[in-house]
Amino acid sequence: MAKRAPSSRPEAPSPETPQRQATGLARELDWLQAIIQHRFNPATAQDALPPPPPLKAGDGPYAAVCATLGLVAEERLILILALTPQVAPEQLDPFLLRNQATGRPFTEFGGLTGQVHAGFLPTAETALFLLAGRELELRLHHRRLLAPDGRLAASGLIELDLLRQGDEPPLSAALRPGAAWLERLLSGDGTEPRPTPGFPATPVTTALSWEDLVLDPKTLRQIGTIQAWLRHAPRLMKDPALARRLKPGYRCLFHGPPGTGKTLTACLLGKMNGRPVYRVDLSRVVSKWIGETEKNLASLFDQAQHRDWILFFDEAESLFSKRTETRSSNDRSANQQVAYLLQRLEDFPGLAILATNHRSHMDEAFDRRFQSSILFPTPDADARQRLWQDSLRNDFFRLAEDVDLVRLAADHVLTGGAITNVLRHVCLVAAERPEPVVTSADLSRAIREELQKEGRYAA
Ligand SMILES: Nc1ncnc2c1ncn2[C@@H]1O[C@H](COP(=O)(O)OP(=O)(O)OP(=O)(O)O)[C@@H](O)[C@H]1O
Ligand SMILES: [Mg+2]
């Protein structure tokens, strides 16, 4: 029997009010202020730093990023310091204090003054001063947080820019928030890359919700496992023993006839977990292997990794069958690129979904690459009845008395996608009438057209 997805599942968070958006950021700025005062006050300068505020769900994008990445207190301090010139520059005014003995700024504060910006611009030295004061041991220890291969710089959260090359010490590098993260930290937006002609993926979304998805219990159970992975993987991977045994990332295959909800389910997984979903049409990518393709794919994987995107690869069979044919040197080069793509897929630490209508065209040797392989079957009569009920519920048209949805569902084997097409058709029929009503004959006609389109004919 078909089941509706349970309604108790969490939905994507609703758009937040500006106040809620800024709560986490405001708290973090207060914390930075407390630390600056702590360091400037000779009575407290040598004590342990005040602890960071708690990260609460729903406190806006800044708190969400810190929580998702599991940033430790020291990393959070560096990040908020990098961001402060953008959001509360006056908070760094204490650093403009001059040393009366030398008539110059205090060397240990580090920092720069901008050409137009009148306030203080922090450098790596400033971060180290806040983290460690004058304690040499601690300074040496915390330097690794500011290294180019440290987590903050490597993920692009911060940028360290040594303005003048040459003999300047590396800690005099300007500390800035990473351009790729800035919008996401401040407003939660900016997760989409600037579209460039070569970028091989497009974001996909759905206006539908989890309750609209009608799937058989087995498919639903398997989708539940992916959900569990999305929710718990970061925690599992923190356990060193598990992290050694389990490969990061989750790859699964969605297979089944057209219109059975594969793309919809991928979109809903993203929506429910607040993750963007990017769709790559593999048939296009594989048929057009040209110089730039590999570079563009590399950029896709890099961005997806840092921004928690779900990758959805459509027409997956084109990838897994291509590798076996080698006729020309062109084929060989294509095979090399396919091998590259497979390797990146295997190493991808996030969720990658591959979809196909042609399971049988795929080499079985590739099965082991997937953590799960999920069939999206043509819906049975019960599922079709639910799909009809949901699809035809609206305030635009009225259903005539002669419409029998149980009968309709029993008589015609249609997928969710086909039922949506029928809906579009009868909407237009109703719209042309003085009173928008849809009759049983209208539905039969629209169904017949839909079946003819698919090369099938109504009984
Ligand atoms: N299982 C389902 N539950 C609810 N609605 C569905 C379902 N399957 C399809 N639909 C409806 O049909 C539309 C098209 O489905 P979708 O694009 O997800 O199919 P697909 O399996 O990805 O097809 P294809 O293999 O052609 O890409 C959906 O947006 C939705 O409106
Ligand atoms: Mg699809």
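Atoms within each ligand, like the ligands themselves, are counted from 1 in listed order.
Side-chain contact, N357 with E317: no donor N or O sits under 3.5 Å from an acceptor N or O.
A 4.5 Å side-chain heavy-atom check between E74 and R144 finds every atom pair outside the cut-off.
At a threshold of 4.0 Å, the pair R386-D382 counts as salt-bridged, since one of the basic side-chain nitrogens sits closer than that to a carboxylate oxygen. Residues R27 and D30 are not paired through a salt bridge, judged by the lack of any N-O separation under 4.0 Å between the basic side chain and the carboxylate.
Contacts of ligand 1 (protein heavy-atom distance under 4.0 Å) are L208, D212, L213, V214, L215, P258, G259, T260, G261, K262, T263, L264, N357, L387, G416, G417, T420.
Between V426 and V438, the shortest heavy-atom distance links the atoms O-CG2, 3.8 Å.
Counting only residues at least two apart or on different chains, the ring-ring contact (aromatic ring centres under 6.0 Å, His included) pairs with a member in residues 242-275 are W229-Y250, F254-F376.
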